[in-house]
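See below for the structure under consideration.
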Amino acid sequence: MPDPSLPQLRRRLLAWYGRHHRQLPWRPTPQSQIPNSKSEIRTANPYHVLVSEAMLQQTQVATVIPYFDRFVEQFPTVHDLAAADEQQVLRLWQGLGYYRRARHLHAAARVIVDHHAGRVPDTLDELLALPGIGRYTGGAIASIAFGRRAPILDGNVARVLARLFAIDEPTDQPATRDRLWQLAEQVLPRKAVGDFNQAMMELGALVCTPRQPACLVCPLQTLCLAQLAGRQAELPRRSIRHAPKAVRHVIVAIERRGKYLFEQRPATGLWSNMWQMPTHESPDSDAPDSLLPWVRETYGLTCQSAGDQHEFTHQTTHRTIAFSLVRVQVAAGRLLPNRGVWRKLDALDDLPLSNPQRKAVTMLVGEKPTA
DNA sequence: AACTCGGGGGG
DNA sequence: CCCCCAGAGTT
C-alpha cells in the first residue's frame with residue numbers, strides 16, 4: 001500500500017468504527033464519540049479487558065457475552081478472582097471450552113495481586129510475562145486498556161490485512177504470520193490505538209467476513225488490493241488441516257444408594273481439571289468389552305450392569321468422540337482412596353463438567369427420575 | 001513447525 | 001458436513 005494511503009485507511013476505519021461498532025459489556029465508548037474527549041478520556045476497565053480477552057481466544061463474541069457477565073458479577077475485581085478457588089473459576093467457565101484459559105486467568109490474577117499491587121500491568125513486557133497472555137492478548141490489553149501503541153494480530157486482523165495487501169501465502173504459516181505482524185504494526189496510528197485495533201477486528205467480524213465479504217459497504221473498499229482484483233473471496237488462504245481422529249469414550253455411571261461416582265480429570269490434556277463420571281477412553285476400533293474388570297481394578301468396586309446403554313457423539317477440533325453411557329450398580333467392594341466423590345445428580349452445582357459429561361448426567365436423570 | 005486444547009455459529 | 005472464531009503453550 002502506498003504510504004499516502006495509510007492516513008486515509010486510519011481515518012476511514014476509525015470513522016466507520018465510530019458509527020458501526022457494537023456495544024459490548026467490556027468495551028468503553030470510542031473516544032471519537034465522546035465530547036471533550038481530550039479532557040475526559042474514558043478508559044476501559046483493565047480487569048474487564050483482561051477477562052474478556054482471555055474468554056475471546058478462539059471464541060466468538062456472541063458466545064462470550066453471557067459468560068463474561070456472569071464472571072465479573074461473581075468476581076468483580078482482580079482481588080476477588082485471585083481469592084477464589086480454581087474450582088469456582090472452572091465452574092463459571094463450564095461450557096466455554098479451552099479450560100486451560102480459565103486456570104491461566106486465575107493464575108494471572110494471583111500474580112497481579114501478589115506482584116503488581118492488584119493493578120493489571122500496563123506495559124507489553126509485563127503483560128507477556130503473565131500466564132495465558134501471548135502476543136495478541138498482550139497487545140490487546142496494552143492498546144485497549146492503556147492506549148499503548150501495540151499491534152495485534154488475530155483471525156479477523158489477519159483476514160483484513162491479507163485482503164488489503166493481497167497476501168497469497170497461507171496466513172497460518174509462521175513466515176506469513178511474521179509479515180502480517182509487521183503490517184499490523186505499520187498500519188497502527190499513533191493515537192486512538194485501542195479504537196483502531198478494535199476497529200480492525202470489528203471490520204473483520206461485521207464486513208470483511210470469511211465468506212461473502214460485504215465489500216460494497218466496506219470503508220476500505222477502494223484501498224483493498226484483493227477487492228480491486230476481484231479476489232476477495234479467495235483470500236486469505238490457509239494450509240490444509242488434518243481430519244479429526246475417531247475415538248470411543250465409555251462413561252460408567254457407577255451408582256450406590258442413589259449417588260454416583262465423580263472424579264477429577266488430570267491437570268493436563270483434554271478437559272484438564274474438569275470433573276467426570278469414570279470414563280474409559282480407547283481408540284474407536286477397540287471394543288470395550290472388559291468394562292467391569294476395569295472398574296474393579298481402577299476403583300476397587302465390583303459392579304453389575306443396570307439399565308440401558310445410551311450413545312451419542314461429541315465433536316471437537318481434533319477428535320470425533322463416540323460416547324457410550326453405561327449405568328452400573330455397586331455390588332461389593334470399597335472405593336479406593338482419593339478415587340472420587342459420591343454425589344446425587346441434583347447436587348452437582350459446584351463440580352465443573354465438560355459438555356458431554358453434562359449431557360450424560362441429563363440422560364441419567366431422564367432415564368431414572370428418582371429412586 | 002507441528003500439535004494440542006472445546007465448543008458453537010453459520011454456510 | 002465443513003470452516004471459522006478477539007490464541008497460547010508445548011514438543
Side-chain angles (χ1 to χ4, degrees), chain A residues 21-22 24 26-27 44 49-68 90 93-105 107-108 127-145 150-160 170-178 180-181 184 194 196-206 208-213 233 236-245 265-274 313-321 352-359:
Chain A
H21 73 274
R22 294 168 290 183
L24 302 177
W26 53 85
R27 173 179 285 171
V49 176
L50 169 65
V51 172
S52 67
E53 290 300 342
M55 291 184 168
L56 285 163
Q57 289 166 8
Q58 292 292 288
T59 308
Q60 294 192 44
V61 166
T63 303
V64 163
I65 289 175
Y67 283 88
F68 175 86
L90 283 175
W93 213 272
Q94 174 177 285
L96 197 54
Y98 284 156
Y99 299 97
R100 195 173 48 176
R101 295 181 294 173
R103 300 198 286 138
H104 280 153
L105 176 61
L127 287 165
L128 290 175
L130 296 174
I133 296 187
R135 199 170 173 184
Y136 162 78
T137 306
I141 297 173
S143 63
I144 296 171
I152 60 167
L153 184 68
D154 74 325
N156 291 303
V157 176
R159 184 170 56 254
V160 170
T171 55
D172 55 347
Q173 293 195 338
T176 315
R177 306 291 298 177
D178 288 344
L180 289 168
W181 273 106
F196 182 87
N197 279 340
Q198 293 183 85
M200 288 286 283
M201 295 190 285
E202 198 82 332
L203 189 74
L206 300 181
C208 196
T209 51
R211 278 166 296 210
Q212 295 182 322
R237 297 175 52 188
R238 301 194 64 163
S239 307
I240 50 158
R241 304 184 183 186
H242 297 74
K245 186 166 297 184
R265 292 180 62 88
T268 60
L270 195 62
W271 298 307
S272 57
N273 279 14
M274 301 289 279
T313 65
H314 181 79
Q315 189 70 44
T316 75
T317 302
H318 298 285
R319 296 163 217 240
T320 301
I321 308 177
L353 303 176
S354 68
N355 272 12
Q357 292 287 331
R358 269 199 294 170
K359 179 180 289 189

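Naming convention: chains lettered A, B, ... in sequence-line order (proteins, then strands); numbering from 1 in each chain.
Side-chain atoms of A:Thr320 and A:Gln315 form a donor-acceptor pair, as typed in the model, at a separation below 3.5 Å. Side-chain contact annotation: A:Arg101 with A:Thr59, donor-acceptor N/O pair under 3.5 Å present. In the model, A:Ser272 has no side-chain atom that pairs as donor or acceptor with a side-chain atom of A:Arg100 under 3.5 Å.
Considering only side-chain atoms of A:Pro174, the nucleotide from B:dA1, B:dG6, B:dC5 that sits closest is B:dA1. Across C:dA6, C:dG7, B:dT4, the shortest atom-to-atom separation from the side chain of A:Gln58 is found for C:dG7. The side chain of A:Thr59 lies closest to B:dG6 when the candidates are C:dA6, C:dG7, B:dG6. For A:Arg238, counting side-chain heavy atoms from C-beta on, the closest listed nucleotide (C:dA6, B:dG7, C:dC4) is C:dC4. You'll find that the side chain of A:Asp154 is closest to C:dA6, out of B:dG10, B:dG6, C:dA6.
Comparing A:Ala62 and A:His242 along DNA chain B, the residue whose closest nucleotide (by nearest heavy atom) sits nearer the 5' end is A:His242. The residue among A:Pro131 and A:Leu56 whose nearest nucleotide of DNA chain C is located toward the 5' end is A:Leu56. Of the two residues contacting DNA chain C, namely A:Pro244 and A:Met201, the nearest-nucleotide position lying further toward the 5' end is that of A:Pro244. Where A:Gln212 and A:Gly97 meet DNA chain B, the nucleotide closest to each residue was compared, and A:Gly97 sits on the side nearer the 5' end.
The shortest distance between side-chain heavy atoms of A:Arg27 and A:His21 falls below 4.5 Å.
Residue-to-nucleotide contacts include a donor-acceptor pair under 3.5 Å from the side chain of A:Tyr98 to the base of B:dG6. Residue A:Arg135 places no side-chain atom within donor-acceptor reach of the base of C:dA8, judged by atom type and a 3.5 Å distance cut-off alone. Between the side chain of A:Thr63 and the base of B:dG7, no donor-acceptor pair of N or O atoms lies under 3.5 Å.
Among the heavy atoms of the strands lying under 4.0 Å from A:Gly269 are primed sugar atoms or P, OP1, OP2 only; no base atom is included. Across all strands shown, A:Ile133 has heavy atoms under 4.0 Å from sugar-phosphate atoms exclusively, and none from any base. Looking at heavy-atom distances under 4.0 Å, A:Ser354 makes contact with sugar-phosphate atoms alone, never a base. Counting any heavy atom pair closer than 4.0 Å across all strands shown, A:Pro356 reaches sugar-phosphate atoms only and no base atom. Residue contacts for A:Arg177: at a heavy-atom cut-off of 4.0 Å it reaches no nucleic acid atom on any strand shown. Among the heavy atoms of the strands lying under 4.0 Å from A:Leu24 is at least one base atom, whether or not backbone atoms are also near. Residue A:Thr137 is in sugar-phosphate contact alone, with no base atom involved, counting any heavy-atom pair closer than 4.0 Å across all strands shown.
Taking atom P on both nucleotides, B:dG11 is separated from C:dA6 by 14 Å, rounded to a whole Å. Rounded to whole Å, the separation between the P atoms of B:dG6 and C:dT11 comes to 16 Å.
Between the CH2 atom of A:Trp93 and the C1' atom of B:dG7 there is a distance of 13 Å, rounded to whole Å. Taking atom CZ of A:Arg103 as the reference point, atom C1' of B:dC5 lies 11 Å away to the nearest angstrom.
Here the side chain of A:Tyr67 pairs a donor or acceptor atom with the backbone of A:Gln94 at under 3.5 angstrom.
Regarding contacts with the backbone of C:dA6, a side-chain N or O of A:Asn156 is found under 4.0 angstrom from either OP1 or OP2. The side chain of A:His314 places an N or O atom within less than 4.0 Å of a non-bridging phosphate oxygen (OP1 or OP2) of B:dG7.
Note on ring orientation: taking the six-membered ring where Trp is involved, the planes of A:Trp26 and A:Phe68 are perpendicular (angle over 60°, cut-offs 30° and 60°).
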